[in-house]
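Please read the structure below before turning to the comments.
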Amino acid sequence: MTVIHSISCTVGFPRTGPKREMKKALEAHWSGAITAAELLAAAADVEAAAWRAQAEAGIDLIGLDGTLYDQVLDATFQLGLIPPRFKALDLPAPTADATADPYAPGGGLALYFALARGAEGAPALDMSKFFDTNYHFEVPELSDQSEPAANWSPLLDRVRRGQATVGRDCAVPIVVGPNTLLGLARGTFDRPTLLARLLPAYVQLLRELAALGVPEVQVHEPILTRSGSSALAPEFAACYAELAAVGLPINLVVPYDDVEEETYGWLVQLPVAAISLDFLGVPGADYGSRTAQLIAKHGFPQSKRLGAGVIDGRGAWADQGQALSLLCALRARLGADQRIAVQTSTSLQHVPYDLAAEPSLPASPPRPLAFAVQKLRELSAAAAALRSGAEAPVALDLSTFTGAPSPSQRQLVPELFSRSQPYAERRPHQVQYPAFPTTTIGSFPQTPAIRRNRLAYKKGRISAAEYRERMAGEIGFCIGAQEALGVDVLVHGEAERTDMVEYFGLKLDGYFFTEHGWVQSYGSRYTRPPIIVGDISRPAPMTVHEYELAQSLTAKPVKGMLTGPVTILQWSFPRADVSRREQAEQLALALREEVADLEAAGCRVLQVDEPALREGLPLKASRHAEYLHWAVNAFRLATGCASPGVQIVTHLCYSDFEEIMGAIDGLDADVLTIENSRSGNEMIRALAQYGYGRDVGPGVYDIHSPVVPSVEWIAAKLRSFVEVGLLGGDATRIHCNPDCGLKTRQWQEVLPSLRNMVAAAKLVRAELAGGTPPATPTKPAGVTSAGGASAAAPAAPAAERRASCTAGCCTQGE
């Protein structure tokens, strides 16, 4: 029997705690309920529990994952790359005891959280999606003047605690690589010059880690999965030559996708001890991963350990023998002497903690589920099987393997993907508006009263009929408030919806919802993605009752509100045995039935939100066209049944959309509403330059801020839309709305903001018509929240105010 050199290794684990202990500790600290020392102690307990779980599962090398907020923020902070606006803040002085507070030498926890959440006079760092995941990172801000001032105390403290917990031979530090940090940063700087400034700080870290006796260090460089990474060869060569000279073994980890063939050629020649690669890619993606094919074609150096990411790190499904089959194929190609570490394809931070916490499981899923703890056992079992010389459950050919599901056999007739008339012909049949028609994006405040009623219904303390009656009261208040404010196109407020994905998933066949399947989105914001476990269909109408109720209360048009098929898919755990394209089509067909029912109920304006359209874009430019083709078609399939008189609205927010303008145009929506208030009209100029010809609703104020925008501020925004040439200045087709939904705001912020928005629209209408501007607005009489009046709103953390859908306007979770 052949003995194989194989071990098991983790490259990241959930930082949440099994019962969301980190969320609770963070929010308690921010509210003043616990001290910084108590927060750090809670974080240490969460991290130690995660490391022990890995040790108990038999993992040989344990990646010491952990963060108070975000790993990219950790690197930014510990490198001392603090933007100037934070250096003048009057923050509490950190403790002088670096042993008690390892953050103190770098400026203290107050500065760390100011970077993450903002402070008075210093907006927080921006957030963006981490590669093609739904995790959000804090974007470093760099310039040619950026000078690192490194202090690695938090990371070194974590290493010491990890060694005490699982032993020095098992505890492996995890570091965000310098090339990836620069690739994720924003600002104007010369990359090679700044890399040269960063390297001494990384050399210092590796020396300190070597002095602690760690067996190796993981340096994560997912930037290599992006298009054009081959151009980074000189920088990687210089960087890793300098880092390798320290003498500490480096495991270069490249998760989230395969690398381009040219990049693979020089990557495997870098002077590192191990290279870890993702063999699986995006679950359900039509293209899979070409990593196995690259190794089949080019081999892998025997002088290095291969980190084989063969257990899915971001899907909810259990391995059923594919991992061992891949490992056996690698053994056959590379030889019995090749050292292999069995790993997950990505960090396990993207999956829930432990399936054992769930009180129930789906009756007949396409394959068993596995969360992080279960995947640890899969790693150990696969490594043990490879060591024992086990045979492959199924023979795999590395030269053809991608892991992609079989192509869909569904054939839909082309007519399903198009409206019966083009935009220019159908627009005159739709609702006609004054200049700058006013509306909102959909959700209104989710008050404590609404949440209490929802919990009471969930716990069985009130009946379904009583819950529906209470939600009807909230809808009635919402309609009445908008009527009093003078809004032109109303919404029902979505009081009955927990979020824009879960609500629909609960009403669709083919979905399973967990009780404790939380995943970190950023900081203390966790989501609970639903799991697609079967073919998706709609057994009954989902939103018609609420629409009919709201429309019966007003003569003004009320928008029907749906979440689009791509967004529902992106914010779920998809099936791995069926392509994402086919799952999107199933969702689209279910939504198409809802569109037809809403129209039959009299709906004249129907919004289908797709905030995740850009999020699903593959990391490789060569794969963009295919994704955008099926993603756009899914939207068109869902909305194509609407008659010409129904106005289809869509909403996009908080992404860089300029590179997919053709796809946005291809949606064929009658009205496009977009986040805009913080972007300086960049997207508006892009739309005008592109020649976008359908109605547009640019956001006129930032819903993440508790600040009430003035009438003149909003009016200036509206004037600017005309000045940049949007829609040739036709103000009847330029809609006036907030950036996004108002779910996370309070009524005492929402009412004056909308009052000023309506007044600004009337003001600029009068200017365009040459008439007399209206009087300054006053508070509408009788407008009181259904949940009761409350005191003045406290200032919200800046992370909840800035550009990120996960702030609650357009996502699920808590």
Side-chain angles (χ1 to χ4, degrees), residues 12-17 20-30 39 43 46-47 65-77 109 111-119 123-141 154 174 176 180-181 184-186 220 222 255-256 314 346-353 499-501 517-529 567 570-571 611-612 614-615 653-656 675 678 702-705 740-741 743-744 796-814:
F13 196 76
R15 293 86 66 96
T16 58
R20 294 186 290 164
E21 289 87 349
M22 271 308 302
K23 173 185 175 66
K24 298 168 187 174
L26 278 169
E27 294 176 352
H29 174 64
W30 294 336
L39 170 64
V46 168
E47 291 170 1
D65 203 351
T67 182
L68 293 180
Y69 202 93
D70 161 51
Q71 70 266 21
V72 181
L73 174 64
D74 292 349
T76 301
F77 178 82
L109 280 177
L111 177 58
Y112 178 87
F113 286 127
L115 292 168
R117 308 176 75 233
L125 298 177
D126 198 2
M127 284 196 298
S128 188
K129 294 292 178 73
F130 194 64
F131 293 87
D132 56 355
T133 73
N134 198 28
Y135 176 77
H136 295 65
F137 72 97
E138 300 284 327
V139 181
E141 296 177 14
I174 297 176
V176 176
T180 293
L181 188 74
L184 296 175
R186 292 178 186 168
H220 288 219
Y256 300 113
R314 52 177 168 172
T346 69
S347 168
L348 289 170
Q349 73 181 84
H350 305 293
V351 297
Y353 204 99
D499 65 72
M500 61 190 297
V501 172
W518 298 99
V519 176
Q520 185 189 27
S521 179
Y522 69 86
S524 69
R525 183 78 186 180
Y526 297 175
T527 65
R528 190 171 52 182
T567 296
Q570 283 295 128
W571 293 350
R614 171 64 178 78
E615 179 184 313
C653 55
Y654 302 125
S655 287
D656 298 322
E675 175 274 329
R678 286 176 172 262
D702 180 13
I703 63 90
H704 295 290
S705 172
C740 205
K743 173 182 176 180
T744 60
E800 282 74 36
R801 307 201 294 259
R802 65 189 188 278
S804 171
C805 275
T806 55
C809 55
C810 278
T811 194
Q812 69 274 33
E814 294 183 359

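If you're wondering where the values come from, they're calculated on a predicted model, not measured in any experiment. One is the number of the first residue; the rest follow in order along the sequence.
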### Task
Kindly indicate, with the supporting measurements, whether the criterion side chain to side chain contact (heavy atoms under 4.5 Å, CB included) is fulfilled by Thr16 and Lys23.
CA-CA 7 Å; Thr16 58; Lys23 173 185 175 66; over 6 Å; no

### Message
Give me the atom names and distance for the closest heavy-atom approach of Glu138 to Asp70.
### Response
N-OD2, 3.0 Å

### Query
Do you know which two heavy atoms are closest between Ile703 and Cys740, and how far apart they sit?
CG2-O, 3.5 Å

### Message
For a 4.5 angstrom cut-off between non-hydrogen side-chain atoms, does Leu348 reach Tyr353?
### Response
no

## Note on the structure
In this structure, OG1 of Thr527 is separated from CG of Asp499 (nearest 0.5 Å) by 9.0 Å

### Query
About how many Å separate OH of Tyr526 and CZ of Arg20, when rounded to the nearest 0.5 Å?
8.5 Å

### Query
Does the ring center of Tyr256 lie less than 6.0 Å from the ring center of His220?
no

### Query
Closest heavy-atom contact between Glu47 and Asp65?
CG-O, 4.1 Å

### Message
Measuring from atom CD of Gln71 to atom OG1 of Thr76, what distance do you get when rounded to the nearest 0.5 angstrom?
### Response
10.5 Å

### Summary
Here the pair of heavy atoms bringing Tyr69 nearest to Tyr135 is O-OH, 3.8 Å

### Message
In terms of relative ring orientation, are His29 and Phe113 parallel, tilted or perpendicular, with 30° and 60° separating the classes?
### Response
tilted

### Query
Salt bridge check: are Asp132 and Arg314 linked by an N-O gap of less than 4.0 Å?
yes

### Query
Rounded to the nearest 0.5 Å, how far does OG of Ser128 lie from CD of Glu615?
10.0 Å

## Note on the structure
Closest non-hydrogen contact found for Pro529 with Val519 is CD-CG2, 4.1 Å

### Spacing of Arg15 atom CZ and Leu68 atom CG [to the nearest 0.5 Å]
10.5 Å

### Query
Which pair of non-hydrogen atoms, one from Lys129 and one from Thr133, has the smallest distance, and what is that distance?
CD-O, 3.6 Å

### Summary
CZ (Phe130) and OG1 (Thr180) are apart, to the nearest 0.5 Å, by 7.0 Å

### Task
Could you tell me whether the side chain of Asn134 reaches within less than 4.5 Å of the side chain of Gln570, counting heavy atoms only?
no

### Message
Quick check: do Trp30 and Ser524 have side-chain heavy atoms less than 4.5 Å from each other?
### Response
yes

### Task
Begin from the C-alpha positions of Leu184 and Phe131 and carry the test side chain to side chain contact (heavy atoms under 4.5 Å, CB included) through to its verdict.
CA-CA 9 Å; Leu184 296 175; Phe131 293 87; 4.0 Å; yes

